[in-house]
Amino acid sequence: MKPAPFDYRRPGTLSEAIAALAGEPDAKVLAGGQSLVPLLSMRLAAPSLLVDINGLPGLDTIEVTGEGDEPGVRVGALARHAAVLASDDVRRVQPLVPLALADVAHATIRNRGTTVGSIVHADAAAEMPVVLTLLGGSVEVEGPSGRRTIPADELYVGPLESSVGHDEIAVAAFFPALRPGAGVGFEEIARRHGDYALVGAAALVEGESVRVGFLSVSDVPTVVDLSGVADDELGDAALAQLEPMDDIHATAAYRSQLVRVLTTRVVRSAQEMAREGM
Amino acid sequence: MTTKLMGQGVKRVEDQRFLRGQGRYVDDVAIGSDTLHAAVLRSPHAHARILDIDVADVLDVEGVHAVYTYDDLTGPMAEPLPLLIPHPALTHGRTQYALAKDEVNYVGEAIAFVVAEDRYVAEDAVSRIRVDYEFLTPVVGVDAARAATALVHEDVPGNVGARLEQSVGDAVTAIANAPHRLELDLTIERSACMPMEGRGTVARWDPDINRLQVWTSTQSSTGVRAAVAVKMGLDLGQVDVITPDVGGGFGVKINHPWPEELLVPLAARALGRTVKFTEDRREHFISSAHERGQVQHIEVGFDDDGRLHGLDVEFWHDHGAFTPYGLIVPIITSTQLLGPYKPQNYRVVFESLYTNTVMVTPYRGAGRPQGCFAMERTMDAIAAYLGKDRADVRALNFIQPDEFPYDQGLIFQDGRELEYDSGDYPASLEKLKELVGWDEFPAFKAEMAAQGRQVGIGLACYVEGTGVGPYEGAHVHVETSGKVKVATGLTTQGQGHATVFAQLVADELGVKFEDVEVVTGDTRRMPYAVGTFASRAAVMSGSAIHLAAKRTREKVLKIAAEALEADENDLEIVDGVVSVKGSPGNSIDLGTVSVLSNPLRYAFDEKSRAATQFSIGDPGKPPVAEDEEPGLEGKDFYSPERATFASGMHAVIVETDPLTAEITILKYAVVHDCGHLINPMIVEGQIHGGVAQGVGGALYERMAYDESGQLLNASFMDFLMPYVTEIPDGIDIDHLETPSPLNPLGIKGAGEAGVIPSAAVFAAAIEDAEGLTITAMPISPSELYTLRQEHS
Ligand SMILES: Cc1cc2nc3c(=O)[nH]c(=O)nc-3n(C[C@H](O)[C@H](O)[C@H](O)COP(=O)(O)OP(=O)(O)OC[C@H]3O[C@@H](n4cnc5c(N)ncnc54)[C@H](O)[C@@H]3O)c2cc1C
């Protein structure tokens, strides 16, 4: 379990980092390393160059936006899961983020892993990609031809595959604020505390609109619209739009049952939050 | 008088080191640029013929020192690895070669061994070796093995390595004539030992003195020493094996020699360099050993009260691709299955079957969890059939306290009679019922049901043969400083031996606990030993140490009596000082006694002057008397007639979620009887660890092989070893102390007990909560959900 040989660069500026990526088609960005390093060690990935972005200045920010911009929180590429989870601003502006982050891995991994890294790693079993998709957030990336913003619904193109270019660095993720009178809910079921979920569900209720995002159900983060569905039909209505998979931990039938149970639960909590205010 | 340490929860002397990161494991040995590192090319296929191995590309890799394949092995090294425990019923025993010869039989089997500057380069080189395979049909799982449409080894018909039958009375007739009969078909899946430290070996050859030093993470340093000597054509005296701290064993490290334990010394000698191999986690999954997989068929006959008339058990044991450890696991299942019960008539037959999977050798519990599962599921089935209380049916079939020694009439794993030495099962059951609230449970269940919650309770009983022979030895040496050095040859994997053995010596010798230092698993210090397995260390080495300390004490008293001009019987030893009872001023410390025990020609310090030729001894007699030896030492061995039988009972209360089928543990209770307790805290620690592993085996862990023999979950991401968050918050423990008559301390083993009843006890509790029959373990929420669907 030792990685194949690779070169390593730790640039001090974003432009140097982008240039390093652009010059090497097999290069990879190294952020918290919590997904990439295991892949390297098991030789499931063998990039020729690692561009370590941990030395780039100003990327560990967590900012509340508004004042002319869309209200929400902007999380920098080097903000660790733990910092985002601990942020009162994030909790106030978009409570779904900490609700879901609490179920991301274990404390030691959250201390190093980055929220943006998790979003661009595009694992359909991960919490943050679903949260971003459900909230209609976006990722800001910078490459040789400048900066662009990728909306969440254009970000996930396939299993572990995002539309971030190989020579682009995601500099921040944007989570829109929870609107007044709206509510969110999150719940997942994992085999062990802190594991990737067998099924997870996140709900966003805004007025008549009821939407639920699912993790570990399909091979990309999936959001279904359940607006107007009766309470006792939520689960089945969600299932009608999903095709849960079998794996060694759960049958598709069991995942379907969890979809039914969790859909009902997260919509109920989101509705409660919407009613009571947070 | 010093208080006795036996029975006290003395804090572990090991923990300061371990908790401060100062443990020294094999991988910590020989750190430096001089050491070369090995990596192994392992088979990616479960069953294939090797047509060609091309290593040409490897030799170009900078930093590679050597590549070995089977063709490079000669003499005994080229023979199959030893079959450690032959048995007449093992008619078709097979062991692998250190490096695969012509054929591979499981994913993970070693094919080539690369030695390089570091492990990175070694792995780079491994990835450049090209092997041509001709694929053969893989045999995976008991069903495929039994069907035998494909064979694992061409010359093993039916994939059957062994078939063994034992019986007492006439079970078939007794069942046929019994008032009631039941049949059960049960399955239990594979899991494995998962020590934090995997396997590892370092070797260094000294050409000047033709001597090999090996450090290895093993449960038997003397075993590895003998194996290395044989395979390398060396005398035992040329090989030292040292086992430093071991980060867990749980059984897997009792199998030996592993291919790497031979290849590392081979390379070290050939290259004249220190060579190290450190197994990684994936390797541990696919190239160490697994256990537990069995399919069982049970027929039982009983009367209206639930009393057994006859028990007929047939089971199929999946032993993987090879049988280096003989039939130990299935023999233990077949004999220990009986637990605390009298079956009246018993017949058991098993087939031990080859499959193209990692081989099976003992894992903590070693076949007992499967046996306990068979017996306890049967007890529950009888109770359910008769509508009787599950505890009552068990109690009715117990061996009674006045029936010991009780001969079950079978031959146990050590080739000796299965004769229980002592126990008190009715008392244990009473304690357990009290501890878990057995009688109050129905009310609790009803109360929970009223809230829409489902709970269930289960219990399971076991008897564990511990402390099997052949022997262990000990050497106790009192230094001239008064410190006591103790050596025993078996190894230690974190159990706390340095603590409990020091307790025994401090008690017997009358020295301070802090002055005793224990060394284990170093063949330079104690070359005669067997190993640490079968819950035997306390019983075997503990007894030997006690005896050796006793001998040392005798010598102390003899020398001190002479020095103090007193009668031996008037002396006492307290805190390392020998004094005449009643006149404490008349005393001599053990360090001085040690000086006096060794007549000297030369003085090295003030203290040793006392032992020089013009200071001591009767000039008319030889300085060392005819039947004496110089030095304050005592050595002894302990070799029991047979195993001593510990016992225990567990109960668990679980809650199952009506919607998600999640299983939550509400309460876990253990009553344990390992005879006299040397250190209750350590025994409880063993129970906690065992229960934790049991929870893993019952609810989380399995080896997910696909039909082509690929292990799909060979990482801690997918092999669900429980975290501390999955283990019951508190485990209620009560002890019973029924002494063993077989050893001087009245003790029994405690190492494996915690894990034995888990599959049985969880199956029982989940069954009780759900009202549906559980026949296969482990069980996940997904599987429980499937069962509900099938049932509804
Ligand atoms: C034991 C364990 C359990 C875990 N459990 C969970 C869990 O339950 N849920 C969960 O969501 N995650 C889990 N994770 C993963 C964890 O959240 C990771 O930290 C996260 O997925 C990736 O973030 P990172 O900063 O570590 O990224 P890295 O590992 O450094 O990178 C991951 C990938 O993203 C790319 N990348 C990272 N940052 C950027 C960037 N700024 N721009 C462009 N590309 C980038 C890298 O090139 C790489 O391909 C677990 C990890 C471990 C080890």
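Throughout, a chain's letter reflects where its sequence line sits, starting with A, and its residues are numbered from 1.
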Between CZ on residue R281(B) and OG on residue S41(A), distance to nearest 0.5 Å: 14.0 Å
Nearest heavy-atom neighbours spanning D124(B) and A4(A): OD1-CA, 4.0 Å
Ring pair (Phe, Tyr, Trp, His ring centres under 6.0 Å): pairs with one or both residues in residues 228-247 of chain A, sequence neighbours excluded: none
Which residues share a ring-ring contact (aromatic ring centres under 6.0 Å, His included) with Y25(B), sequence neighbours left out: none
Over 12 foreign heavy atoms within 6.0 Å of CG, D729(B): no
Toward chain A, the part of D718(B) with a non-hydrogen atom under 4.5 Å: both
Max heavy-atom pair count under 4.5 Å with chain A, selected residue of E662(B), R702(B), Q789(B): E662(B)
Flag if over 12 foreign heavy atoms under 6.0 Å of CD, E272(A): yes
P38(A), part contacting chain B, at a heavy-atom distance under 4.5 Å: neither
Atom group of T786(B) that falls short of 4.5 Å from chain A, counting heavy atoms: side chain
Pick from S780(B), A704(B), P781(B) with the largest number of heavy-atom pairs that fall under 4.5 Å of chain A: P781(B)
Inter-chain contacts: residues 247-259 of chain A against chain B, heavy atoms under 4.5 Å: I248(A), H249(A), A250(A), T251(A), A253(A), Y254(A), Q257(A), L258(A)
Verdict with supporting geometry, R265(A) and T660(B), side chain to side chain contact (heavy atoms under 4.5 Å, CB included): CA-CA 12 Å; R265(A) 286 186 191 166; T660(B) 63; 4.0 Å; yes
Segment of L699(B) engaging chain A (4.5 angstrom heavy-atom cut-off): backbone
Exercise: identify the closest heavy-atom pair between R282(B) and M1(A): N-CE, 3.1 Å
Non-hydrogen side-chain atoms of P5(A) and Y120(B) separated by less than 4.5 Å: no
Which portion of E726(B) sits near chain A, non-hydrogen atoms under 4.5 angstrom: side chain
Residues of residues 183-196 of chain A contacting chain B, heavy-atom criterion under 4.5 Å, by residue number: I189(A), R191(A), R192(A), H193(A), D195(A), Y196(A)
